[in-house]
There are 2 protein chains.
Amino acid sequence: MSRMTDDQLTVGQAAQRLGVTVRTLHHWDAEGLAQPSARSAAGYRLYTQADLDRLERVVLYRELGLGLNAICGLLDDPDMDAVATLHEQSAQTEEHIHRLQQLQGSLRNMIEAHERGPLVGPERQEEVLGEGWNPDWPAQARARWGHTAQWRQYAERAAVRAPEGWSELTRETEELDGDLVRAVDDGAVPGDARANDLVERHRKLFSRYFPLTRQMQVCLGRVYESDPAFAAHYDALHPGLAMWLREAIDESARLHGVDPDTASWE
Amino acid sequence: MSRMTDDQLTVGQAAQRLGVTVRTLHHWDAEGLAQPSARSAAGYRLYTQADLDRLERVVLYRELGLGLNAICGLLDDPDMDAVATLHEQSAQTEEHIHRLQQLQGSLRNMIEAHERGPLVGPERQEEVLGEGWNPDWPAQARARWGHTAQWRQYAERAAVRAPEGWSELTRETEELDGDLVRAVDDGAVPGDARANDLVERHRKLFSRYFPLTRQMQVCLGRVYESDPAFAAHYDALHPGLAMWLREAIDESARLHGVDPDTASWE
DNA sequence: GTTCTTCCTCACGTCGCGTGAGGGTCAAGC
DNA sequence: GCTTGACCCTCACGCGACGTGAGGAAGAAC
């Protein structure tokens, strides 16, 4: 049953009827948006039926997403164009929805990139990623490196890379492979200028997937040599190329003050 | 044309490259999200290429709607599940979109109510609003009272009133009309108990459209008598009813201490 | 030397409340 | 009349991601 008198409600009672918190009514009171028309001797807010009517209107417009200032205008200023205000709010909401939908698209894109690597439709993968591309590679790579910070950066960049970007990377990778083969054919030796140059090109190229330090490059060289799949790739280009590349990377690292024997990822 | 040295950028330069404000970089610095790795002798922030790489990642994730804390985690904590974070964000965004779409519906509803009155499909209007309903009435009423505070309240309530609500109002209005006719038939006179009772029912009924004070009711009574359309409606029910009702309202007002001759809308 | 731009560090404002802190008031049971 | 528990009051800070000056130093161009 009601406290105080019968047609005056306290904040708590008013709040319960309206489905808002007491704090909210305090706030609306402080802002002058909806004040109780009376106070008890002890200073308690007393809301009359008329106050409740006004509060209901506030609640209604608040549920439409209007700001307190706008609501204040709608309730107090009869010259204000309510329909215009509502249309404006509607337009803003529409725009907001649109922005969020764009954002959803980008999020999906980024998730895809994390889960599946290059974002290129299956039908264009061979065209864009080269003839030797194997659709299973991203899954394998993710299983192996998906937990690393580098995979994360790779995915971030993949999410914003257009197919043309992938083509370019593919082309440059194939060029580098070709130049590596020619260098070995021409008798280049790990540690010589030509080898060092190629190693640096390799590092720069990989840094477009994620920042590759020289230490990390050393580790990558070891993977090339020891991992059957990588070794097979390079050795197919030129027998012994995997080992040659690993040694070339080691020599280049040494040249830049990095000890390949103690190099660690990260 | 860089200031300071060549591979260190000042805040302004970094901000321009990233498409963010200087203040934003200050903020990210203060929060520890992305700090310049050096300062000049004068205390100027100097961003290196590595700093810019990090900043770019921050910008990227910020564009996905992630909070700075989440971004901080993604950049610094390699154990954090990036994909899970993204999925969570995506779910939140989806929910947000859904809420906004609901809100858009309510806004459309409210705008309709302001512009067209009762929100009942044309095919159900006669069923819901009674046989005598004229589809032109809302437009006429809006032309006449659309600028008043009462129309606004009427529209607000109309927006949330379901067809059943309209039926009920229609039924009660028809009941009141019938009781008025019967009262006049039975010889009731303005100012007697039965008349006062009916006037009070009328006021309560109208107050379900918008709060109707006794002063306003007096004005309404005059409209009933002087406006041809309203007068025709009541006089068709019973000749002279329009005038009878106006007088009954006047008497009731007097009884409640309101002088009908000086009564004003508002 | 002067002026214009850019930089620095506080520090308050935004929006609609949530969440205590510290302390009165009300209604009821003993 | 006293306690207890629910309710009320008024500050006042916190949130999130910066915007927007205020007041002053440093850099670059004339």
Side-chain angles (χ1 to χ4, degrees), chain A residues 1-6 8-36 38-47 51 55 58-73 75 89 92-93 96 99 103, chain B residues 1-6 8-36 38-47 51 55 58-73 75 89 92-93 96 99 103:
Chain A
M1 312 315 176
S2 76
R3 301 269 177 67
M4 325 297 287
T5 63
D6 264 349
Q8 314 261 90
L9 298 184
T10 64
V11 260
Q13 295 167 331
Q16 191 171 4
R17 281 212 193 170
L18 294 162
V20 303
T21 68
V22 169
R23 175 64 178 109
T24 298
L25 294 186
H26 281 180
H27 185 57
W28 293 352
D29 182 2
E31 298 291 299
L33 175 58
Q35 296 174 325
R39 293 276 187 141
S40 78
Y44 284 25
R45 289 170 179 81
L46 295 178
Y47 291 92
D51 295 337
L55 285 171
V58 174
V59 169
L60 175 65
Y61 281 116
R62 194 188 60 154
E63 281 169 358
L64 293 180
L66 292 177
L68 298 193
N69 284 339
I71 296 177
C72 209
L75 296 199
Q89 177 68 15
Q92 281 183 25
T93 306
H96 199 164
R99 277 210 315 275
L103 199 149
Chain B
M1 327 293 169
S2 76
R3 301 268 175 67
M4 325 297 287
T5 63
D6 264 349
Q8 313 261 90
L9 298 185
T10 64
V11 258
Q13 296 167 330
Q16 191 172 4
R17 281 211 192 172
L18 294 161
V20 301
T21 68
V22 170
R23 176 66 178 108
T24 298
L25 294 185
H26 281 180
H27 186 56
W28 293 353
D29 181 3
E31 298 292 298
L33 175 59
Q35 297 173 325
R39 293 275 187 143
S40 78
Y44 285 24
R45 289 170 179 80
L46 296 177
Y47 290 93
D51 295 337
L55 285 171
V58 174
V59 168
L60 175 65
Y61 280 115
R62 193 188 61 154
E63 282 169 358
L64 293 179
L66 292 177
L68 297 193
N69 284 340
I71 296 177
C72 209
L75 296 199
Q89 176 68 15
Q92 280 184 25
T93 305
H96 199 163
R99 276 210 316 275
L103 201 149

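Reminder, nothing fancy here: chain letters follow the sequence lines and each chain counts from 1.
A:Gln13 places a side-chain N or O within 3.5 Å of a backbone atom of A:Thr10 that can act as its donor or acceptor partner.
Atom CD of A:Gln13 and atom C1' of C:dA27 are 13 Å apart (whole Å). Separating the CD atom of A:Gln8 from the C1' atom of D:dC7 is a distance of 17 Å, rounded to the nearest angstrom. When the P atom of C:dG16 is taken as reference, atom CG of A:Leu64 falls 14 Å away, rounded to whole Å. Between the CG atom of A:Leu25 and the P atom of C:dG18 there is a distance of 10 Å, rounded to whole Å. Distance, B:Tyr47 OH to C:dC7 P: 10 Å, rounded to whole Å. One atom, CD1 of A:Ile71, and another, C1' of C:dC17, lie 13 Å apart when rounded to the nearest Å. As rounded to whole Å, 9 Å separates atom P of C:dC8 from atom CG of B:Leu46. Across the protein-nucleic acid pair, B:Glu31 atom CD and C:dT9 atom P stand 14 Å apart, rounded to whole Å.
Contacts of B:His27 classified as side-chain hydrogen bond (donor to acceptor under 3.5 Å, both in side chains), with partners at least two apart in sequence or in another chain: none. For the side-chain hydrogen bond (donor to acceptor under 3.5 Å, both in side chains) test, no residue two or more places apart in sequence or in another chain qualifies with A:Tyr47. Not counting sequence neighbours, the partners of A:Arg39 by the side-chain hydrogen bond (donor to acceptor under 3.5 Å, both in side chains) test are A:Asp29. Taking the side-chain hydrogen bond (donor to acceptor under 3.5 Å, both in side chains) definition, one finds that B:Thr93 meets it with nothing, sequence neighbours left out.
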Report summary line: In B/S/- notation (B base, S sugar-phosphate only, - none; protein heavy atoms under 4.0 Å), nucleotides 10-22 of chain D written 5' to 3' is B-B----BBBB--
Report task. Please test A:Leu18 against A:Leu25 for side chain to side chain contact (heavy atoms under 4.5 Å, CB included), starting from the C-alpha separation and ending with a verdict. Result -> CA-CA 10 Å; A:Leu18 294 162; A:Leu25 294 186; 4.2 Å; yes
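Nearest heavy-atom pair across B:Gly65 and B:Gln89 is O-NE2, 3.0 Å. Smallest separation of non-hydrogen atoms from A:Asp51 and A:Gln35: OD1-O, 3.7 Å. A:Arg62 approaches A:Ile71 most closely through the heavy-atom pair N-CD1, 3.6 Å.
Where the helix from C:dG1-D:dC30 to C:dC30-D:dG1 starts and where it ends, the local axes point in directions that differ by 30°; five pairs per end, rounded to 10°.
The shortest distance between the side-chain N/O atoms of B:Thr10 and the OP1/OP2 oxygens of C:dT6 is not below 4.0 Å.
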